[in-house]
Protein chains: 2
Amino acid sequence: MSGKIKEKTCQFKLMAARDALEVIQGRWRFPIIIALSDGKKRFGELKREITEISPKMLSQELKSLETNKMITRSLLNTMPITVEYELTPLGTSSFKLLDELLEWGLHFREEIMRQ
Amino acid sequence: MSGKIKEKTCQFKLMAARDALEVIQGRWRFPIIIALSDGKKRFGELKREITEISPKMLSQELKSLETNKMITRSLLNTMPITVEYELTPLGTSSFKLLDELLEWGLHFREEIMRQ
DNA sequence: GTTATCTATTACCTATAGGTAACTAGTTTC
DNA sequence: GAAACTAGTTACCTATAGGTAATAGATAAC
């Protein structure tokens, strides 16, 4: 049974879960957070690492993650100009959830694949 | 740092995480699974419990969860006919992930709310 | 002076998610 | 025979997600 959910006044908890989903869902949020998990990276580095993402989506998703205080954006006075993105403590606090997502995803694949 | 992700051959793990997201994401999957967490329920019971869901969405999401082997659908020979939905072991195996989603969601709300 | 690299932005398109409202078909109660 | 309950289905609409391709302005390299 689910220990923390469903002890009455469920509405508030459903809201929390919905918020969490909103932050990590979509095609690119997860890959971006993982890419930043080993330290700050520039726009172009992220673009090269997340091979299939378009500059539009990368820019858009980075803005969204910044709005949600998951990452910070630093403009550096280099020539040419470079921009560094880095996970905040809030961003890194999602690792446990992301690991759980991965682990259950593997379990799910196994179960689904063998009929 | 994220222990299980990013030990190279990341593609496969990104796929697993993406699969997991696909199963639990959307507005109604999470509430439906939670509603079924304390035992089997009929269509009408779910509809009444998840107050804002429309019959179309409930029907559609139940089908999707059944396809993903998260729940079973049993037609009962009662008059009038009733249908029972119940979590499978795969369905209940998602509780740990859902709890983590809730817990991080609460943490996220706290962090976001105080500026 | 043309090309490449930096970090994006803009216009345009399609597919999907999700919502509303009405309807179906059978059974049971008033 | 009208209304309500059973479990859905159907048509239609809007908003969002996400994709492609072209463009922008600054600087640096050739």
Check the distance between [N]'s [atom2] and [X]'s [atom1] and give it to me in whole angstrom.
| X | N | atom1 | atom2 | answer |
| --- | --- | --- | --- | --- |
| A:K47 | D:dT20 | NZ | P | 10 Å |
| A:E61 | C:dA8 | CD | C1' | 15 Å |
| B:I81 | C:dT27 | CD1 | C1' | 11 Å |
| B:N77 | C:dT27 | CG | C1' | 14 Å |
| B:R42 | D:dG8 | CZ | C1' | 14 Å |
| A:E84 | C:dT7 | CD | P | 10 Å |

So, is [X] close to the [N] phosphate, meaning a side-chain N or O under 4.0 Å from OP1 or OP2?
| X | N | value |
| --- | --- | --- |
| A:S54 | D:dG19 | no |
| B:R48 | D:dT6 | yes |
| A:T82 | C:dC6 | no |
| A:R29 | D:dG18 | no |
| B:R27 | C:dA17 | no |
| B:K63 | D:dT9 | yes |
| A:K56 | D:dT23 | no |

Choosing from [options], which nucleotide comes nearest the side chain of [X]?
| X | options | value |
| --- | --- | --- |
| A:P80 | D:dG8, C:dG19, C:dC6 | C:dC6 |
| A:R73 | C:dT7, C:dG19, D:dT9 | C:dT7 |
| A:Y85 | D:dA7, C:dA8, D:dT9 | C:dA8 |
| A:M57 | D:dT9, D:dG18, C:dT7 | D:dG18 |

Is it the case that the side chain of [X] and the backbone of [Y] share a donor-acceptor pair, with hydrogens and angles ignored and the cut-off at 3.5 Å?
| X | Y | answer |
| --- | --- | --- |
| B:T88 | B:K69 | yes |
| A:T67 | A:K63 | yes |
| A:K41 | A:A35 | yes |

With a 4.0 Å cut-off on N to O distance, would you call A:E52 and A:R27 a salt bridge?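 Yes.
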
Is it true that A:R114 and A:E111 have a side-chain N and a carboxylate O under 4.0 angstrom from each other?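 Salt bridge present between A:R114 and A:E111.
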
